[in-house]
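Contents: one structure, followed by commentary.
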Amino acid sequence: MYAQMVKATGKGVKTREQMDENERHFQDRIDNDIKIEAKDWMPEGYRKTLKRQISQHAHSEIVGQLPEGNWITRAPTLERKTILLAKVQDEAGHGLYLYCAAETLGISRDEMTEQLLSGKAKYSSIFNYPTLTWADMGAIGWLVDGAAIMNQVPLQYCSYGPYARAMVRICKEESFHQRQGFDIMNVLAKGSEAQKAMAQDALNRWWWPALMMFGPSDADSVHSAQSFAWNIKQNSNDELRQKFVDQTVPQAEFLGLNVPDSDLKWNDKKNGYDFGAINWDEFFAVIAGDGPCNKERLGARQKAWNDGAWFREALIVNAEKRAACKQAAE
Ligand code: 3HC
């Protein structure tokens, strides 16, 4: 099914006739919804795509702790502090499951870290924006985790078993994150004039970067056609972005907040909202390293890596000593 669809869209995806025997067998498994496991034969391109996507996803979870971690000491109540702490810890856990899923493809954690720190591997554009007020914790949970869920629910059904299974738990936890963010926004929006203004300001700053999270428009998406063919992607970047807008605008209305888009308008014909043009120059600048916080975020990860060097060395020395003791006892 997918191979036929891709044949029509082109973009360098092999047709059935161009595939060799192994590739045809592999594509048949994909088309019959049979999961691919780590030890199964797979085309090198499939392995490479998954290493790229899963490691970038893992980096996003890890770097994504930084903007919110910034507010743990300043949360307004003990309850908010414990919830935020738990959420940020969840993101660390997501990063670890995803690094493990990527490792099954034959890439080490050290290699992935090196790719992140050298700028070779990307992480989500959204985490290069600053968190200026407490309302940003609400906007991130509501919009950023909301967008993440929209994109990640289909990944539970993707063709690569270890990735699909990691996504099941991640999606459950993201739902809790989204709700705690909406709750923060709800309390602020129903609070004093100053609190409502803070919530509106956060929505103004996070709305457009949240739409950019879904990636470039379909016309500019380099990997989509092949990822559809391999059932890594099931929805296009624009489809998911549209679903997110349609789901989120009524929530903003419920909060009594205005989505910062003068072109936003319900369209009966498509049964969804029309929305304004995204600033793609900003998106491409951010993913090229020129966002407001790129240097700060990578600087923080570099420092964590350097600060942890003594601990990694200690683990290796300890493992060597234990192995030597075991050998001596045999
Ligand atoms: N930020 C940074 N880079 C992005 C991006 C974004 N928002 N959207 C796309 N890109 C990059 C791609 O990685 C690719 O670059 P590369 O070739 O150097 O890897 C390039 O832009 C072209 O985009 P494509 O549409 O061709 O790329 P994909 O087919 O990979 O689609 C994607 C992009 C939809 C993000 C897809 O990779 C995906 O679904 N990834 C898994 C989910 C993910 O990583 N989410 C990140 C957020 S996680 C999160 O938010 C944590 C949560 O706790 C809040």
Side-chain angles (χ1 to χ4, degrees), residues 11-13 45 48-69 87-95 97-98 101-102 115-116 119-129 137 139-158 160 163-164 166-167 169-178 180-181 206 208-241 244 278 280 282-291 294 297:
K11 284 206 173 172
V13 180
K48 195 171 155 209
T49 296
L50 281 168
K51 278 187 198 170
R52 175 187 66 80
Q53 177 165 325
I54 302 174
S55 65
Q56 295 190 5
H57 191 167
H59 298 325
S60 303
E61 301 281 356
I62 297 298
V63 176
Q65 295 177 96
L66 297 170
E68 288 174 294
K87 182 199 189 273
V88 172
Q89 281 176 342
D90 283 353
E91 309 298 3
H94 298 176
Y97 311 146
L98 289 164
Q115 290 178 355
L116 170 70
K120 191 174 163 220
K122 296 187 171 71
Y123 58 88
S124 184
S125 49
I126 194 77
F127 301 119
N128 292 304
Y129 291 85
M137 298 306 98
I140 290 183
W142 173 38
L143 301 174
V144 174
D145 289 86
I149 296 167
M150 192 59 83
N151 164 269
Q152 292 174 19
V153 164
L155 290 174
Q156 295 177 104
Y157 309 101
C158 79
Y160 189 56
Y163 193 24
M167 292 316 301
R169 176 159 176 186
I170 292 180
C171 284
K172 284 190 183 144
E173 291 176 350
E174 297 294 10
S175 300
F176 151 65
H177 299 170
Q178 197 268 353
Q180 65 85 38
W206 290 93
W208 291 104
L211 296 196
M212 292 175 197
M213 280 178 75
F214 294 94
S217 69
D218 292 352
D220 291 325
S221 171
V222 192
H223 303 292
S224 281
Q226 184 62 76
S227 290
F228 273 126
W230 283 330
N231 198 21
I232 294 169
K233 264 186 165 173
Q234 295 162 40
N235 303 88
S236 78
N237 299 356
D238 286 336
E239 256 170 48
L240 291 175
R241 192 171 4 251
F244 175 75
I278 290 173
W280 291 118
E282 176 180 325
F283 170 77
F284 286 114
V286 171
I287 68 173
D290 280 332
N294 294 58
R297 301 294 182 238

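Order of appearance sets the numbers: ligands from 1, and atoms from 1 within every ligand. This structure is a prediction, so every number in the text was calculated from the model and none was measured.
- The protein non-hydrogen atom at the shortest distance from atom 52 (C) of ligand 1 is Glu174 OE2, 3.3 Å.
- For atom 47 (C) of ligand 1, the closest non-hydrogen atom on the protein side is Ser124 CB, 3.8 Å.
- For atom 6 (C) of ligand 1, the nearest protein heavy atom is under 4.0 Å away.
- Looking at atom 38 (C) of ligand 1, its nearest protein heavy atom turns out to be Gln53 NE2, 3.5 Å.
- The proximity of Lys233 to ligand 1, defined as any non-hydrogen pair under 4.0 Å, is limited to the side chain.
- Near Gln152, the atoms of ligand 1 lying under 4.0 angstrom from a non-hydrogen atom of the residue are 45 (N), 48 (S).
- For Lys122, a nitrogen or oxygen atom sits less than 3.5 Å from a nitrogen or oxygen atom of ligand 1, counting backbone and side chain alike.
- Only the side chain of Phe283 comes within 4.0 Å of ligand 1, counting heavy atoms alone; its backbone N, CA, C and O stay farther away.
- Summary of contacts: the protein heavy atom closest to atom 13 (O) of ligand 1 is Gln56 OE1, 3.0 Å.
- In this structure, atom 8 (N) of ligand 1 lies nearest to the protein heavy atom Gly215 CA, 3.1 Å.
- Of the possible polar contacts, none joining the Asp220 side chain to the Ser217 backbone as a donor-acceptor pair under 3.5 Å is found.
- Taking CD of Gln226 as the reference point, atom CD1 of Ile232 lies at 8.0 Å (rounded to 0.5 Å).
- Regarding atom 19 (O) of ligand 1, its nearest protein heavy-atom neighbour is Arg52 NH1, 2.9 Å.
- When each atom of ligand 1 is checked for a heavy atom of Tyr123 under 4.0 Å away, the hits are 1 (N), 2 (C).
- Near Ser221, with a cut-off below 4.0 Å to any heavy atom, the atoms of ligand 1 are 24 (P), 25 (O), 26 (O).
- Not a single heavy atom of His177 sits less than 4.0 Å from an atom of ligand 1.
- When non-hydrogen atoms are compared, ligand 1 lies under 4.0 Å from the backbone of His57 as well as from its side chain.
- Only the side chain of Ile287 comes within 4.0 Å of ligand 1, counting heavy atoms alone; its backbone N, CA, C and O stay farther away.
- Residue Asn151 touches ligand 1 through its side chain alone, judged by heavy-atom distances below 4.0 Å.
- Proximity of atom 41 (C) of ligand 1 to the protein is indicated by at least one non-hydrogen atom lying closer than 4.0 angstrom.
- Heavy-atom contacts of Asn237 reach the following atoms of ligand 1: 25 (O), 34 (C) (cutoff under 4.0 Å).
- Using a 4.0 Å cut-off between heavy atoms, Phe127 contacts ligand 1 through its side chain alone, with no backbone atom that close.
- With hydrogens left out, the protein atom closest to atom 1 (N) of ligand 1 is Ser125 N, 2.8 Å, a heavy atom.
- With a 4.0 Å heavy-atom cut-off, ligand 1 is reached by no atom of Asp220.
- Separating the CD atom in Glu91 from the OG atom in Ser60 is a distance of 10.5 Å, to the nearest 0.5 Å.
- Taking the six-membered ring for Trp and thresholds of 30 and 60 degrees, Phe283 and Trp280 have ring planes more than 60 degrees apart, a perpendicular arrangement.
- Counting the atoms of ligand 1 from 1 in the order shown, those under 4.0 Å from a heavy atom of Tyr163 are 41 (C).
- For ligand 1, the atoms sitting less than 4.0 Å from at least one non-hydrogen atom of Met212 are 7 (N), numbered in the order shown with element in parentheses.
- With distances taken over non-hydrogen atoms, the option nearest atom 27 (O) of ligand 1 out of His223, Gln65, Glu91, Lys87 is His223.
- Panel note: side chain Arg297, backbone Phe127; a donor-acceptor pair is recorded below 3.5 Å.
- Between atom 51 (C) of ligand 1 and the options Arg241, Gln178, Glu61, the minimum heavy-atom separation is to Glu61.
- Residues satisfying the side-chain contact (heavy atoms from CB on, under 4.5 Å) test with Asn235, not counting sequence neighbours, are Pro154, Glu239, Leu240.
- With sequence neighbours excluded, the residues satisfying salt bridge (Lys or Arg N to Asp or Glu O under 4.0 Å) with Asp238 are Arg241.
- Under a 4.0 angstrom heavy-atom cut-off, Phe228 registers as lying outside contact with ligand 1.
- Ile278 is listed as a side-chain neighbour of Met212, based on a closest heavy-atom distance under 4.5 Å.
- Note on ring orientation: taking the six-membered ring where Trp is involved, the planes of His57 and Tyr163 are perpendicular (angle over 60°, cut-offs 30° and 60°).
- For the side-chain hydrogen bond (donor to acceptor under 3.5 Å, both in side chains) test with Asp145, the passing option among Gln152, Gln178, Lys87 is Lys87; the others fail.
- At least one donor-acceptor pair under 3.5 Å links the side chain of Gln180 to the backbone N or O of His177.
- For atom 54 (C) of ligand 1, the closest non-hydrogen atom on the protein side is Asp145 OD2, 3.4 Å.
- A donor-acceptor contact shorter than 3.5 Å links the side chain of Gln234 to the backbone of Tyr157.
- Less than 4.0 angstrom separates some heavy atom of Met213 from each of these atoms of ligand 1: 7 (N), 50 (O).
- Under the 4.0 angstrom criterion for non-hydrogen atoms, Pro216 is in contact with ligand 1.
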